[in-house]
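Report on the following structure.
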Amino acid sequence: MLRNNGQLEALLKEVRACTICTGLPLGPKPLLQADSAAQILLVGQAPGSKTHEKGRPFDDVSGKRLRGWLGVTEEQFYDPRLFAIIPMGFCFPGTGQGGDMPPRPECAPAWRQPLLDALPNIRLTLVLGQYAMNWHLGDRKSRTLTDTVKRWREFWPELLPLPHPSPRNIRWFKANPWFETDVIPVLQDRVRELT
């Protein structure tokens, strides 16, 4: 385990020094966390401007909702031995017409597989939003995010497709009350088992 974590630490150092993307509005500042002991992997999209500013993934309203879904404290959430947080893009990509831009396309091909390979103990992968679902589910995902999340039992207990916890998705949460009643309690039980 120590050898694996030493390799992972070297890789994380490389990632945090990454400058592959050009033209990032706030400059490069890769945000992620990992430890080879982690059993839960969180896969989001890319940091927002607030998390970029604070220097911690999910250190915003989305993160508060996500921690509520998981049933964990902030201290637990930011313990890399419990949760690896490896988004599809590591830096804030900028803002577009409907909100934040998609994760930059350079990031995942350069870093994703080596990071996943360095996490040998992952037993649950939480896939948040369309970009993460495209990578982690590929052809197994449905045409819509809602349909994919409704099929969550097909991927359970190793993987769970989730909507992004963003406040922009309030309408989705209200239209899909089954998510809070059916999925969240099962997720919290599994998180308790693994943390």
Side-chain angles (χ1 to χ4, degrees), residues 31-32 38-52 57-72 76-77 83-105 107-109 112-113 115-116 119 122-195:
L31 298 182
L32 69 162
Q39 294 188 61
I40 302 172
L41 171 63
L42 296 168
V43 182
Q45 300 185 139
S49 60
K50 287 182 181 169
T51 54
H52 174 94
F58 286 108
D59 193 358
D60 57 9
V61 175
S62 296
K64 185 175 181 179
R65 176 175 282 117
L66 180 57
R67 289 187 291 278
W69 289 352
L70 300 170
V72 298
Q76 288 172 301
F77 186 79
F83 294 95
I85 304 174
I86 311 284
M88 295 307 299
F90 300 138
C91 298
F92 172 63
T95 305
Q97 207 169 7
D100 288 352
M101 299 288 288
R104 291 289 296 257
C107 201
R112 188 145 207 81
Q113 200 55 57
L115 284 164
L116 296 178
L119 296 170
I122 297 299
R123 294 179 53 204
L124 173 60
T125 299
L126 304 175
V127 183
L128 301 152
Q130 287 286 6
Y131 297 104
M133 286 181 196
N134 289 342
W135 179 281
H136 285 270
L137 297 177
D139 293 341
R140 297 184 301 156
K141 72 180 182 60
S142 297
R143 192 177 59 78
T144 68
L145 178 137
T146 301
D147 288 342
T148 303
V149 175
K150 280 183 178 176
R151 294 175 39 232
W152 67 274
R153 287 178 185 85
E154 295 176 29
F155 309 105
W156 190 256
E158 291 82 23
L159 189 141
L160 181 62
L162 297 168
H164 196 279
S166 168
R168 291 183 174 273
N169 287 334
I170 292 293
R171 184 180 296 161
W172 189 94
F173 303 133
K174 287 181 178 176
N176 297 282
W178 55 268
F179 175 73
E180 292 278 343
T181 58
D182 298 352
V183 180
I184 297 302
V186 177
L187 170 59
Q188 289 180 353
D189 286 346
R190 181 86 168 122
V191 168
R192 274 193 295 273
E193 283 174 27
L194 298 176
T195 54

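Values below: all heavy atoms of this structure, side chains included; hydrogens, waters and symmetry mates excluded. Position 1 is the first residue of the sequence; numbering continues from there.
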Can you check whether [X] reaches [Y] side chain to side chain, under 4.5 Å on heavy atoms?
X: Arg192; Y: Asp189; answer: yes
X: Leu115; Y: Leu32; answer: yes
X: Leu70; Y: Leu187; answer: yes
X: Ser49; Y: Thr95; answer: no
X: Val191; Y: Phe83; answer: yes

Would you name the heavy atoms of [X] and [Y] that are closest together and state the gap between them?
X: Thr51; Y: Pro57; answer: CG2-C, 4.3 Å
X: Pro157; Y: Leu124; answer: O-CD1, 3.4 Å
X: Pro93; Y: Pro102; answer: CB-O, 3.3 Å
X: Gln45; Y: Pro103; answer: O-CG, 3.4 Å
X: Phe90; Y: Cys107; answer: CD1-SG, 3.2 Å
X: His136; Y: Val127; answer: CB-CG2, 4.0 Å

Should Val186 and Trp152 be marked as a side chain to side chain contact (heavy atoms under 4.5 Å, CB included) after you check the CA-CA gap, both sets of side-chain angles, and the distance that decides it? CA-CA 11 Å; Val186 177; Trp152 67 274; 3.9 Å; yes
Worked verdict on Leu31 versus Asp59 for side chain to side chain contact (heavy atoms under 4.5 Å, CB included): CA-CA 11 Å; Leu31 298 182; Asp59 193 358; over 6 Å; no
Between Arg112 and Val43, does the side chain to side chain contact (heavy atoms under 4.5 Å, CB included) criterion hold? Intermediate values first, please. CA-CA 11 Å; Arg112 188 145 207 81; Val43 182; 3.1 Å; yes
Could you walk me through whether Trp69 and Phe58 satisfy the ring-ring contact (aromatic ring centres under 6.0 Å, His included) test, starting with their C-alpha distance in whole Å, then the side-chain angles of each, then the deciding distance to 0.1 Å, before giving a yes or no? CA-CA 13 Å; Trp69 289 352; Phe58 286 108; 9.7 Å; no
Atom pair [atom1]/[atom2] of [X] and [Y] - distance to nearest 0.5 Å:
X: Leu128; Y: Leu160; atom1: CG; atom2: CG; result: 8.5 Å
X: Ser62; Y: His164; atom1: OG; atom2: NE2; result: 5.0 Å
X: Leu42; Y: Ile122; atom1: CG; atom2: CD1; result: 9.0 Å
X: Leu66; Y: Ile85; atom1: CG; atom2: CD1; result: 8.0 Å
X: Met133; Y: Leu159; atom1: CE; atom2: CG; result: 9.0 Å
X: Arg190; Y: Thr195; atom1: CZ; atom2: OG1; result: 11.0 Å

Quick one: do Arg168 and Asp100 satisfy side chain to side chain contact (heavy atoms under 4.5 Å, CB included)? Show the steps, please. CA-CA 11 Å; Arg168 291 183 174 273; Asp100 288 352; over 6 Å; no
Mark yes or no for whether [X], through its side chain, and [Y], through its backbone, hold a donor-acceptor pair below 3.5 Å.
X: Glu180; Y: Lys174; value: no
X: Arg143; Y: Thr148; value: no
X: Arg151; Y: Arg140; value: yes
X: Arg67; Y: Gln76; value: no

Go through the side-chain N and O atoms of Asn169 and Ser166 and say whether any donor and acceptor fall under 3.5 Å apart. no
Using 30° and 60° as the class limits, which term best fits the ring planes of Phe179 and Trp172: parallel, tilted or perpendicular? perpendicular
